[in-house]
Every structure is written in structure tokens, then in C-alpha cells.
Amino acid sequence: MKRFGLFLLSALLLTACSKKDCLSSPDGRMEVSFRLTESGQPQYSVTQDGDTIIRWSSMGLKTEEMGLDADFREEKTEFCSYDDQWETVWGEERFISDKHNQMTIHLHHQSGIKMGIVFRAFDDGFAFRYTLENGDHPLHPLTITDEVSEYRFAADHEAWSIPWRTEYYEGLWTKTKLSEKQDTLCSPITLERTDGGYAFVHEAALTDYPAQNLYMQNGALKTYLTPWLEDGKSTDTKAYIELPFSTPWRMVIWTDDLRQMVASRIMLNLNEPCKIEDTSWIKPMKFIGIWWGMHIKTMTWEEGPKHGATTANMEKYLRFAKEHGIEAVLAEGWNKGWKTWADFSFTEPYEDWNMDYLAALADSLGVQIVGHNETGGNAAYYESVLDEAYAYHHDHGIHAIKTGYVAPIIRTKDGLQWNKGQSGVRHYRKVIETAARYQIAIDNHEPVMPTGLQRTYPNLMSQEGVRGQEWNAWSNDGGSPCSHVTILPFTRIMAGPVDYTPGVFHFENPGNAIDPTGVRGSATSRKPRVHSTLMNQLGLFVCFYSPLQMACDLPEHYMEHPDAFRFIEHVPCNWERSILVDGQIGEFCVFARQERGTENWYIGGINAEEEREVTIPLSMLKKGKNYQATIWRDGEKAHWEKNPYDYTIETIEVTSEDTLRIQMASGGGFAVEIEK
Ligand code: NOJ
Ligand code: CA
């Protein structure tokens, strides 16, 4: 990533407020204050425009060896300011500015350990992390048993969340007041504040540490670190750390409106700059795949009469991709191991898959193959063969691999561990770093929640960690409700790119009758389906950001609606600028994004149950220029359940003075391509 315009000032006057140990945001609206209580306990509080938004809240860590949440004395405080802009390898924006003030409180613990608390104040939020040094304490490794960081919000905000045990985050988000949250929650959570503003609580730069979870207790939102397991059971241990050590950042985005919340880049700014020197091989791309067929049960992963990943089928997909300008094709089920879901091989294809032939064909067509490595949760085994697996893919010209675990508790070299515990976090990092050495990008399914690491490792391109489209193929609760997709841009996708797999064009689902004997079968089971119109599926390509964006349906289904498929052929997945035009969490959302390196804009809308009209001023277009806008929108009779296929397409001339008014059906949506 190119860096320029670096101004690192030691500017006490710009950063500090009038009180001691108090940090201002660059615009002066937010103030973060620090104090030690009489028992030497660190605490912080936050105000905005003079109003308290976070009351005095506890900080620190507990370890098996000692409590690092009290018995501190303060040594010194340092301030600095930062104003920089950096260029992304890919992303929702080409340039990201990072303007913040920083305050570091240097503390001395009675054990001799030195702890720093680094605060950063941005115009759109704040963050803090702990740094630990041995000081004059003889002990090196520490066993973390708890982190006491908390957020004592001054009001009882509404919060969107999923419970912390939701298997790899594949759940439906719900909203209640913070005080009504019964469960421990996954990080992130999104707050609809009592004063009309928005907040997003998450972590950044999760490295060698367990993922954060959150729970309410005595009026405070507290941290619960994912526990370390022994023999598959929880222990009091959360992490083993060697000093010096820095924890991930705890961060809160705090904005007046939803648009600003979505535009916040605090999380990326809190991550380290790119560590990959040559990034020229990292290419955003759309892909189709031998995939949906298995989920609707018209194909199988394993060999047999319905085997999906055969040489002949892949050849058909590769030629289809070439013909329609789709950059890549994923194939799942190409390798041995699927029958038993054990001992997956990442270098041995099934008999009916000719890797050499397909690699050569893909190369001659100029289409990429996206590899697939399903580990079945055996991360330790995967690590032991990573080098040979990636060398094999690299030698076949494969530069992107979708990985998968399908287990919330995975087998790491530390035994059975939460995938989001410290050991799981270490595993995923090892995968990304090893993949980078083989020039391979990763699309990770069943991941730990993203925390902005793609800034440091832009080969970590996409991740699941969401109740994705696949649930609409086989879940026995009938599929995700219309509102689901209108919640995700403001919750899960705030944490990073999502491999949701949009683009279903055929809503009859022949393969998946309810299986009453299966684990998902119950008296309330309903046959699954996609709760959307076809236009909503197009809108997702703009509303859901992923630099590896899958169009998930079968080629023959796309050819049932070639003129709607045209939008998928054209829509890019790498952007110059992105703007949330309008939205309401759980109701609807409209994004406008400028294609990277061009003057073209793409606008997408997705709607929940209640039909509505949205208004889109085109003021983002260059003044005085004429553009051609093609609009794919719901027809008058469109309805997700009764009539998902009703749509119209029109092309009109527009300028920056114009405003589009577009009606979205129940479960509907739209897509617009604006070219100069
Ligand atoms: C779950 C993944 O989310 C899905 O995309 C994949 O097809 C299956 N696992 C099999 O690996
Ligand atoms: Ca999954």
C-alpha cells in the first residue's frame, strides 16, 4: 500500500483537553478521560459535546499470576497526533484517511510489570489497547484469565446482536435494549442510540489472543474472552502470552447518523499497514462455482452419479465464465475425503477431475480457478500439509482458495479449541501468512469474526461468519426472513468483507424437502426458500461488500434471465468510493459505489417485508456531465413470495442534478449502472 502525507507530531496542545489525562478527538467533540482509583485501578470515561456517553468504566487484565486491574501507579502520560492517508490494495475506498490523537498512559504495577494503555480518539469514535512489558518483574509468560474492559454506556441503547455460542456466527440478529440482553453476545454489536445516533462496538487487529465477546452486568457491557479448552471443556484460562505483548484494540464507532457509521474506517486504521511487499497478484474478482447444486441437492460433493466437480462440468463452468466476463470459477468436491468428511486431501483429485487439464484450460481461457480446501475442522492436520497444499495449487495457477471448517470447535495443535479462541486465531493467521508466501488469497468459511486484518494481509480477501445464502437452500426454519439482509450491512459487514454468495435467480428448490428425521427437522420445520425478489439478489452485489464476490446460482438458471444477469456481468467488486445513500437497520438499505479507476457508479437497494419508495439524489456524479443509467427494478406485481420474477429494465440519461425514485417490492430491491 502506498503511503504519503505523514504528519506525526508530538502536539500536546492539539490533543489534550484542559484536564489531566484527557484526550480530545481531532474535531474536539469527543473527550476520553483516564484515572486511577485509590486502589490503583485504571478507569476511563468518554464525553461528546460535553455530555457523558460512557461513565467511568473499568480497565485491565486478570492473570493467573496477578491481577493487572489494580495496584498500579502512574508514571507518565504521552500525547501525539496523526494525520495520514493510505491507499488500499482493494476495498470500498481507494484512499483512507487516518486522523486521530493518541494518549499513552504508562503504568507501573506493584509486581514490577509495566502496562501501557494506549487511547486513540478519532472524530468518529475511540479505541484503546493494553501493552505489557516485563519491567523489573522476573516472570515472562502470563496466563490471561480475564479482561475487565467494560463500556458503561450512559443510556440504555437498543443493540443488534447474536449470542456468543452462535456456531461460527451463522445466526439471525435480534434487537433489544442493552439492559434486556440475557445472553453473552458475539462481538460486534451495533447500537441504535437513544439520542438517535449509532454506535458499533468491536475489536481491531485480533492477534494471538482470543476473540472478544460481550455481556451485560450491573449496567455495564463487559468483555468475555473466548475460553481456552482442555479436553473440549472450558477452563479459566483465556490466553497464554509472552511479554512484550499488545492486546487487540477495543473500539467504539460513535456517529450522529448511520451514513457516518458505515463510512467509519477506524477498524482498518487500527490495523498495521500491509506486510505483503508485492501485492500485484491479489486481484478482486467475481466468481461462479460448482456449489449451489450441492446445497439444493441436485449435485453431490462426493464422487457418484450426481458428482458436481467433474472435469466435464468444470469445463462447462469455465467456458460459461469466459463467455460472460466472470473472472473465476470455484469447484467444491474436486478432492478426496468427502464421503467420510475426514482425511481430506488437498492434493489428490477424485478420478473424474483432471486438474492438469482444467488448469491448462482455465489458463488458456484467462479464467481463474478458485480452489477449495474443506478441513472438516481438522486445523492441525491442515497446518501439517499447508505447504504442500499451497504449492500444489500455486503450481496449477490457482491464486485463491476458499477454506472451510464447519465446526465451532476445531482440532488445533492444542487439541479441541473454540475456532475463535486463541489457538484458533493462531491457526487462521498461520493460514493467511503461509498462503501469502504462495501468492494465494483466502476466502475463509467458518472463520473468526474479521477485525480489519485485511489491511495488513490483503490476501485475506473474504470471509463467511454470517448466516449466508446457503441457509436458504436447506435450513428447516424456512430460510432467512426478508429483513436479514437489511441488517447485515450495519452489523456483520461492518466488521469486514462477507462471502454471503448473492445471486439466486431460480427460487423453486427441488432438492430440499424437509427431512423430518434430520437434526434440523422438527414440528415447526418449513421448506426453505430465498425470501427475496430477483432484483433484491442484484441489489446485494452492491450492498454487500466482498472483493471476492460469488454469483452463486447455476449457469442454466442465469440463462433463464440473461438480461438481469447482465448486471452481474458488469458490476465490479473493487471501489473508488462508497456511500450509504439511505437505510434503516432491518428495514432497507441503498448503497452507491464508484468503480475503482473509472467514473462509473453502481447503486444497489435491498428491502425487507414492507414495500417502499426510495429517493436517490445523483449528486455524487460529476457536475455538468451526461451519464447513461440502466435501472433494473421490481415490476409492479413483484413480491418475494408471490412473484419474485417480476422486473423491468430501463435506460435513461441522467446528470448530477437528477434524483431517482425507485419502488422496492416486499423483499424487493434494485440495481443501477451509471456509465459516462
Ligand atoms: C460450509 C460452507 O459455508 C459452504 O459454502 C460449503 O459449501 C460447505 N461448508 C462445504 O465445504
Ligand atoms: Ca458456512
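Atoms within each ligand, like the ligands themselves, are counted from 1 in listed order.
The distance from ligand 1 to the heavy atoms of His372 drops below 4.0 Å at these ligand atoms: 11 (O). Contact atoms of ligand 1 toward Glu470: 1 (C), 2 (C), 3 (O), 4 (C), 5 (O) (distance under 4.0 Å to a heavy atom of the residue). Short contacts between ligand 1 and Glu464, defined as distances under 4.0 Å to a heavy atom of the residue, involve ligand atoms 3 (O). Listed by atom number, the atoms of ligand 1 under 4.0 Å from Trp291 heavy atoms are 4 (C), 5 (O), 6 (C), 7 (O). Numbered from 1 in the order shown, with element, the atoms of ligand 1 that lie under 4.0 Å from a heavy atom of Glu446 read 1 (C), 2 (C), 3 (O).
Under a 4.0 Å heavy-atom criterion, His295 is in contact with ligand 1. Contact between Trp338 and ligand 1 is present, with at least one heavy atom of the residue lying under 4.0 Å from the ligand.
Other residues, nucleotides and ligands contribute more than 12 heavy atoms inside 6.0 Å of the CZ atom of Arg596.
Residue His307 is tested with Asn313, Thr300, Asp352 for a side chain to side chain donor-acceptor pair (under 3.5 Å); the sole match is Asp352. Exactly one residue among Ile487, Thr176, Leu191, Leu185 makes a side-chain contact (heavy atoms from CB on, under 4.5 Å) with Trp160. That residue is Ile487.
Below the 3.0 Å limit, the Ca ion (ligand 2) has as protein N, O or S neighbours Glu170 OE2, Glu446 OE2, Glu464 OE1, Glu464 OE2, Glu470 OE2.
Checked by atom type and distance alone, the side chain of Glu203 pairs as donor or acceptor with a backbone atom of Gln212 at under 3.5 Å.
The closest heavy-atom contact to atom 9 (N) of ligand 1, among the options Asn373, Thr501, Val406, comes from Val406.
Minimum interatomic distance between Thr434 and Leu386 (heavy atoms only, all atoms of both residues): OG1-CD1, 3.6 Å.
Residues Thr403 and Asn373 bring no donor and acceptor atom of their side chains to less than 3.5 Å of each other. Of the N and O atoms on the side chains of Gln454 and Gln463, not one donor lies less than 3.5 Å from an acceptor on the other residue.
Taking only nitrogen or oxygen atoms, main chain and side chain alike, Glu374 reaches within less than 3.5 Å of ligand 1.
Atoms OH and OG1, on Tyr645 and Thr533 in that order, are 11.0 Å from each other to the nearest 0.5 Å.
Using bins of under 30°, 30° to 60° and over 60° for the plane-to-plane angle, the ring pair Tyr392/His396 lands in the tilted bin.
For Tyr428 and Tyr168, the ring centers sit 6.0 Å or farther from each other. Between His295 and Trp301, the distance from one ring center to the other falls under 6.0 angstrom.
Of the protein's non-hydrogen atoms, Lys402 NZ, 2.7 Å is the one closest to atom 5 (O) of ligand 1. Here the heavy atom of the protein found nearest to atom 7 (O) of ligand 1 is Glu332 OE1, 2.6 Å.
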